[in-house]
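The sequence lines fix the lettering, A, B, ..., with proteins before strands; numbering per chain opens at 1.
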Amino acid sequence: MVDMIDRLEPQSITMVQSLPEWESILGEIEMAEFFGLNLTATGPDPLCHEIQRISLALPNAPSSSTVYTVDIADRPELKESIIGDLAGLLENGRIKKTLHDSKFVLSFIRARAGRKLNFCSIFDVMLASQICWSGYYYLTPSGNPKNPWTKRLVDHSLASLAERHLGIILDEEGCPAQGAAALLPLHDILADLLAKNDLQRVADLEFRAAIALVEMEISGIGLDSSGARDLIDQEEDEIIDQIWRMQDEAERKGFVTVSFDGKRLCCYLNPDRQEDVMAFLAKRGYRPANTKAEVLKSLAAAGCSFAEALMRYRHLSYNLLFLNKWLEKVHPLDGRVHPQYFQIPSSTGRISSRHPNAQQIPRRGDDAPAIRRLFRPAAGKRYVKADLSNIELRIMARISGDEAMQEAFIKGIDLHRLTASRISGTPFEEVTDSQRQAAKAMNFLLIYGGSAKSLQWRILSDYGEFICLDETEERLERFFCSYPGVREWQKMQLSQMSYTMQHHFHNCVRGFFSLPLTATRTILGRRRIWPRFGAGITASKFQMYNTPCQGTGADLIKLVMAEVYEKLSDEEARIIGSIHDEIILEVPEDRAEEYAARLKEIMERIGSEMLYPVPVKAEAKVMRNLAE
DNA sequence: AACAATGGCGCG
DNA sequence: ACCGCGCCATTGTT
């Protein structure tokens with residue numbers, strides 16, 4: 001520990017003032033072959049904000065560091081050459097770099113460099129920390145008697161890491177030099193932690209994939225703004241219509257709300273207020289448990305026109321919020337929308353997206369195409385969209401080792417049809433479309449650990465068909481008899497739930513230590529852990545079934561993204577989206593078919609390697625907009 | 001006034 | 001008693 005503390009206190013912080021000075025530091029870095037990089041900017045947006053200050057930390061034998069700081073804001077004449085040199089260092093595979101939140105740092109350098117950069121040999125302490133603590137949380141008292149404990153996820157900011165592992169409090173904001181100095185010992189600790197938990201392959205993957213996320217954020221997505229505004233106008237007209245219908249009905253039935261705060265569109269009934277909705281439905285003689293779409297649907301079927309109007313209202317209101325959110329985010333510099341991506345916020349390893357969320361562009365529903373049509377590539381470009389087909393089922397076949405399922409995929413047999421045939425006893429060729437559809441629902445249900453009860457519910461809500469519990473139990477039984485490997489695997493996962501394994505942690509007080517807890521792993525080795533509070537098990541069986549599938553899917557798509565960035569993308573052909581099992585590129589129209597074929601090849605090759613012996617199939621197509 | 005929890009719904 | 005996420009409006013709490 002003493003060593004580390006020494007290394008934290010940089011022997012010297014040198015402010016770099018001139019180009020010759022900078023060049024001699026470059027020479028030093030080349031010799032050291034390892035450095036920490038930290039920077040601050042005038043804001044979060046690489047397209048319009050500027051890099052302010054760059055700090056480089058060099059290990060200084062044996063256990064201390066030297067930090068150099070360049071204040072670019074003060075010395076604009078140095079800016080161009082320094083950023084160029086930094087890009088060179090980041091692309092130099094011989095020199096190892098340690099960063100915190102590499103997406104932030106790299107996106108600024110990428111945006112300033114104005115060319116595709118082949119970053120390599122990067123270690124991101126934030127990603128490393130997220131990988132090591134994936135899914136972990138603490139319970140803190142909430143004061144709410146109904147729910148006295150609230151979950152608090154582990155914080156992975158640089159300040160938290162420095163405090164947790166090194167026991168130092170970084171200054172508020174300000175001084176990136178201190179942060180840069182902390183990066184070197186943090187690297188050593190987290191690299192050890194990754195090794196102890198056998199998470200190095202996952203970490204290497206995440207470090208490679210980061211640059212693909214940078215690329216997606218900088219590329220952004222083209223949106224037809226005027227088309228969006230037209231659609232908003234249309235839907236606003238209709239939503240007013242629907243509100244009027246509901247109000248009219250409320251008025252006719254003599255329904256008056258108790259309170260009116262002046263903000264509401266009408267004084268009779270606020271459709272956004274479930275209290276009002278429930279009260280009104282109660283007055284009409286309905287007693288729904290809640291006001292979900294499913295319930296409203298059945299009320300509408302029973303002749304309640306209010307329920308129908310409310311559903312339409314909610315749908316339109318969602319669309320309007322969606323469209324307005326996207327319009328609000330159109331960037332003034334390039335007219336495109338730049339959603340942010342987060343690499344490992346989720347405990348399974350999936351990527352998430354925010355501001356706006358690019359992973360929830362409408363797809364289902366009659367008016368989804370009208371919205372998707374608004375997403376368009378630049379002039380002379382086309383979209384290439386490719387998705388991994390039935391990926392979660394293929395993953396299930398691989399991790400469960402179920403022979404029937406694996407054989408079906410190897411022979412290219414339609415698994416939904418096969419399931420339908422096994423369940424109903426009808427010969428494979430004679431399975432009807434509706435039988436196949438029902439079996440499809442069942443296949444997906446199984447991934448989540450669905451029960452006879454939930455199967456019954458699903459069939460009722462999807463097909464309006466009531467099946468008694470005995471029958472769904474029978475179907476479930478036949479399902480598992482067809483795929484005995486899956487049943488065995490689920491049993492094993494269930495036993496893992498209460499099985500205690502040691503996971504390694506580190507903090508500045510205890511150094512390295514391990515705790516007994518519940519964990520799952522993906523094929524690549526990504527681990528999700530659940531804390532144990534006393535003897536309590538916090539994982540659910542559903543999570544034990546689902547996490548390895550979802551997590552392996554995340555591993556796979558990230559591997560594809562890294563490969564696509566490195567081997568396929570360039571200034572003209574860019575990756576612009578990644579939606580769990582789908583990749584979207586924007587490419588020159590005259591080469592679109594070629595890119596589609598290459599993307600498909602990458603996805604199938606990498607997928608089939610990862611899931612061997614289960615083959616992976618991908619479907620790629622060229623599109624003029626997201627609807628086609 | 002600012003923050004947290006909740007219900008409801010979009011995507012996979 | 002179905003997994004993971006983000007977003008919004010409402011409502012309750014500090």
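Taking 4.0 angstrom as the limit, A:Asn270 places a side-chain polar atom (N or O) nearer than this to OP1 or OP2 of C:dT10. An OP1 or OP2 oxygen of B:dG8 is reached within less than 4.0 angstrom by no side-chain nitrogen or oxygen of A:His315. At B:dG12, one or more side-chain N or O atoms of A:Arg364 fall inside 4.0 Å of OP1 or OP2 (strictly under the cut-off). Using a 4.0 Å cut-off, some side-chain N or O of A:Lys325 falls inside it from OP1 or OP2 of C:dC8. Phosphate contact (OP1/OP2 of B:dG10, side-chain N/O of A:Gln359, threshold under 4.0 Å): absent. Between C:dC5 and A:Arg354, no contact under 4.0 Å exists linking OP1 or OP2 to a side-chain N or O. At least one side-chain nitrogen or oxygen of A:Thr291 sits closer than 4.0 Å to the OP1 or OP2 atom of B:dG8. OP1 and OP2 of C:dG4 both lie 4.0 Å or more from every side-chain N or O belonging to A:Ser346. The side chain of A:Arg528 places no N or O atom within less than 4.0 Å of a non-bridging phosphate oxygen (OP1 or OP2) of C:dC3. For B:dG10, the OP1/OP2 oxygens have no side-chain nitrogen or oxygen of A:Arg363 closer than 4.0 Å.
A salt bridge is defined here as a Lys NZ or Arg NE, NH1 or NH2 lying under 4.0 Å from an Asp or Glu carboxylate O, and A:Arg273 with A:Glu275 meets this definition. We find that A:Lys621 and A:Glu628 are not joined by a salt bridge, their nearest charged nitrogen and carboxylate oxygen being 4.0 Å or further apart. Ion pairing between A:Arg487 and A:Glu477 holds under the 4.0 Å rule for side-chain N and carboxylate O.
Regarding A:Leu494, its CG atom lies at a distance of 16 Å from the C1' atom of C:dC3, rounded to whole Å. Following rounding to the nearest Å, A:Tyr545 (OH) and C:dA1 (C1') show an atom-to-atom distance of 13 Å. For the pair A:Lys297 NZ and B:dC9 P, the interatomic distance rounds to 12 Å; values are reported in whole Å. When rounded to the nearest whole Å, the span between CD of A:Glu275 and C1' of B:dT6 equals 14 Å. Straight-line distance from the CD atom of A:Gln490 to the C1' atom of C:dC3: 13 Å, rounded to whole Å. Regarding A:Ile557, its CD1 atom lies at a distance of 15 Å from the C1' atom of C:dG4, rounded to whole Å. When rounded to the nearest whole Å, the span between CD1 of A:Ile584 and C1' of B:dG12 equals 12 Å. The nearest whole Å value for the distance from the CZ atom in A:Phe542 to the C1' atom in C:dA1 is 5 Å.
Mapped onto DNA chain C by nearest heavy atom, A:Gln274 and A:Pro345 fall at different nucleotides, with A:Pro345 at the one closer to the 5' end.
With C:dG4, C:dG6, C:dC8 as the choices, the nucleotide that has an atom nearest any side-chain atom of A:Asn357 turns out to be C:dG6. Comparing B:dG8, C:dC8, B:dG12 by their closest approach to the side chain of A:Arg314 singles out B:dG8. Side chain of A:Lys292, nearest nucleotide from B:dC9, C:dT11, C:dG6: B:dC9. The side chain of A:Gln360 lies closest to B:dG10 when the candidates are C:dC8, B:dC9, B:dG10.
Side chains of A:Arg312 and A:Ser317: no donor on one and acceptor on the other come within 3.5 Å.
Across all strands shown, A:Ile361 has heavy atoms under 4.0 Å from sugar-phosphate atoms exclusively, and none from any base. Residue contacts for A:Lys453: at a heavy-atom cut-off of 4.0 Å it reaches no nucleic acid atom on any strand shown. Among the atoms of the strands shown, none is found under 4.0 Å from any heavy atom of A:Ser317.
Partners of A:Phe542 according to the ring pair (Phe, Tyr, Trp, His ring centres under 6.0 Å) rule, which considers only residues two or more places apart in sequence or in another chain, do not exist here.
The local environment of NZ in A:Lys617 is sparse, with at most 12 non-hydrogen atoms from other residues, nucleotides or ligands closer than 6.0 Å.
Formation of a donor-acceptor pair under 3.5 Å by the A:Glu604 side chain with backbone atoms of A:Ala618 is found in this model.
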Review item, side-chain donor-acceptor pairs of residues 520-530 of chain A, under 3.5 Å, at least two apart:
unit_1	atom_1	unit_2	atom_2	d
A:Arg521	NE	A:Gly525	O	3.0
A:Arg521	NH2	A:Asn197	O	3.1
A:Arg521	NH2	A:Asp198	O	3.0
A:Arg521	NH2	A:Gly525	O	2.8
A:Thr522	OG1	A:Leu524	N	3.4
A:Thr522	OG1	A:Gly525	N	3.3
A:Thr522	OG1	A:Arg526	N	3.0
A:Thr522	OG1	A:Asp555	OD2	2.6
A:Arg526	NE	A:Asp555	OD1	2.7
A:Arg526	NH1	A:Glu206	OE2	2.9
A:Arg526	NH2	A:Glu206	OE2	2.7
A:Arg526	NH2	A:Asp555	OD1	2.9
A:Arg527	NH1	A:Asn197	OD1	3.4
A:Arg527	NH1	A:His503	ND1	2.7
A:Arg528	NH1	A:Thr547	OG1	3.1
A:Trp530	NE1	A:Gln543	OE1	3.1

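In terms of heavy-atom proximity, A:Pro339 sits nearest to A:Pro356 at CB-O, 3.3 Å.
Listed by residue number, the members of residues 546-555 of chain A with any heavy atom below 4.0 angstrom from DNA chain C are A:Asn546, A:Gln550.
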